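Predicted model, so just to flag it, every value in this text is computed and none were measured. Every chain is numbered from 1 and lettered A, B, ... according to where its sequence line falls, protein lines coming before strand lines.
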Protein chains: 2
Amino acid sequence: MATRLDPAARRDQILAATLRLVARDGFARVTLRDVAAEVGVVHGLIRHYFPTREQLMAEAFDAAVLAELEGDEEVAERVEPVEALADWLTTTPRDHYFVWIDAWSEAHRNPELLAALTRHHRDCERRLARIIERLAESGRGASDDPAADAKMLTALVDGVAVQHHAIDLIGRAEADRVVYTAAEDRLGLERGTLAASRPTAARGQWAADASPVAATAGPRADRRD
Amino acid sequence: MATRLDPAARRDQILAATLRLVARDGFARVTLRDVAAEVGVVHGLIRHYFPTREQLMAEAFDAAVLAELEGDEEVAERVEPVEALADWLTTTPRDHYFVWIDAWSEAHRNPELLAALTRHHRDCERRLARIIERLAESGRGASDDPAADAKMLTALVDGVAVQHHAIDLIGRAEADRVVYTAAEDRLGLERGTLAASRPTAARGQWAADASPVAATAGPRADRRD
DNA sequence: ACCGTTCTTGTCCGTATGGACAACAGCTGG
DNA sequence: CCAGCTGTTGTCCATACGGACAAGAACGGT
């Protein structure tokens, strides 16, 4: 059925499929058979690459964390701090956030996941703090305590993302507006500065192949053994 | 085994047990047998009260929303706005938040749950906006747009709650500090005002009986049929 | 051309779940 | 005291899951 693949390629394929399904169905509901069907192989094959369901999930989430943060670092260091800030604070693609929200709800009963989440969150705060620092150095903004400002803004971004993605209470425009306004007030920027410098491109992708996370995966189909 | 109970009492008992288990294991993992074991009855009895698992979950979540918001309204109207604000912005008990976070991750595949969440969120924002309004009227604070301030602070509270409860990155003291500082800046209060007026008592309870949510439910026990 | 490696499949098993149902038991009204 | 209602139990069933394993098929080195 499925053509024989390079082991590494198949692994990545399985991890990408797992992330798609987690975004759609949640960590707890994704079964090995689901993943196999999404990839187009027999469910026994999954076990050939991942000894247990838990390990699959753990590696999939690790891959997500890794992919989300890779590369941006030096790039962000070169662009104007105001632009970098506007980019960082803009809302993330929906399917990504579904995975994060699911991870939050799963973290307190999965220590590995909690560790990965903690590392990821610290990374996010650190990068944002660095942007704020550069903003203050450039004289275009002000901050007494970049770390504290970063922590507050990170929390705000997550909270707004919940309102936007999970509850669907506000649209993307308003989500950005809420965060931008708060950031401008906090960092001594004039109102509207951030919206004006928002770059056009969206942030990174997930899967190993070029397709976005939720490319496949229509309404949950029936499965067989 | 279990003594014959008043139907309404047994219903409430089942709903309370369900919420306890959802806080511990998540919506997706709670089984009818789990609930029955938690209550101390046979799993067939659950079906006598709730025709299907989905309905049980839906009603349990409705009960949670209802219990969380009931009563406080007129009470909040009588206390000093600064004190009411400090109370409203302080972090909610942990087990409650686990249910909310789980609900967020479940909402996009459960329309009823999404509707309940939306209503709840709107209620929260409305109440906070009312407090901010009274604060401005009293002259002790200022707000150009109470609704916008309420939306931003609600998002911040949720985001901080994630950092505090889900990721366990910050403690309760720091969680309150982050929110209080942001609120004070936004509403023209002097730094420290909110921390100084935090009331002593915590917010409401859930279950029908007096016990807190996670009273029972140690580390997940083995079950039998 | 052969042969070992390993990617891949098909099938089996024990377990757990949601749901259905008949029998039992305690309460209430006549 | 009896009959009916209903809360409660125990048991059964079809399904689906994670995991295990042996057999098949493609690939690579010699």
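The residue B:Phe50 sits apart from the nucleic acid: no heavy atom pair falls under 4.0 Å.
Ranking C:dT9, D:dT9, D:dG18 by closeness to the B:Leu45 side chain, first place goes to D:dT9. The side chain of A:His48 sits closest to C:dT6 out of D:dG7, C:dT6, C:dG19.
For B:Tyr49 and D:dT8, the shortest distance from a side-chain N or O to OP1 or OP2 is below 4.0 Å. Regarding contacts with the backbone of C:dG19, a side-chain N or O of B:Thr52 is found under 4.0 angstrom from either OP1 or OP2.
A salt bridge links B:Glu59 to B:Arg11: one of the charged nitrogens lies within less than 4.0 Å of a carboxylate oxygen. B:Glu125 and B:Arg122 are not joined by a salt bridge, as no carboxylate oxygen comes within less than 4.0 angstrom of a charged side-chain nitrogen.
Sequence neighbours left out, not one pair with a member in residues 42-53 of chain A passes salt bridge (charged side-chain N to carboxylate O under 4.0 Å, His left out).
Taking the six-membered ring where the residue is Trp, A:Trp104 and B:Trp104 present perpendicular rings, their angle passing 60° and hence far from 30°. Classified by interplanar angle (parallel below 30°, tilted 30° to 60°, perpendicular above 60°), the ring pair A:Trp100/A:Phe61 is perpendicular.
With rounding to whole Å, A:Ile46 atom CD1 is found 19 Å from C:dT6 atom P.
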Per-nt protein contacts along nucleotides 20-30 of chain D (heavy atom under 4.0 Å; B base, S backbone sugar-phosphate only, - none) come out as B----BBS---
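In C:dC27 the O4'-C1'-N dihedral to the base is within 90° of 0, which defines a syn nucleotide.
Each of A:Val42 and B:Leu32 was assigned the nucleotide of DNA chain C with the nearest heavy atom; the assignment lying further toward the 5' end belongs to A:Val42.
Contact between B:Lys151 and A:Val178 at its shortest, heavy atoms only, is CD-CG2, 4.1 Å.
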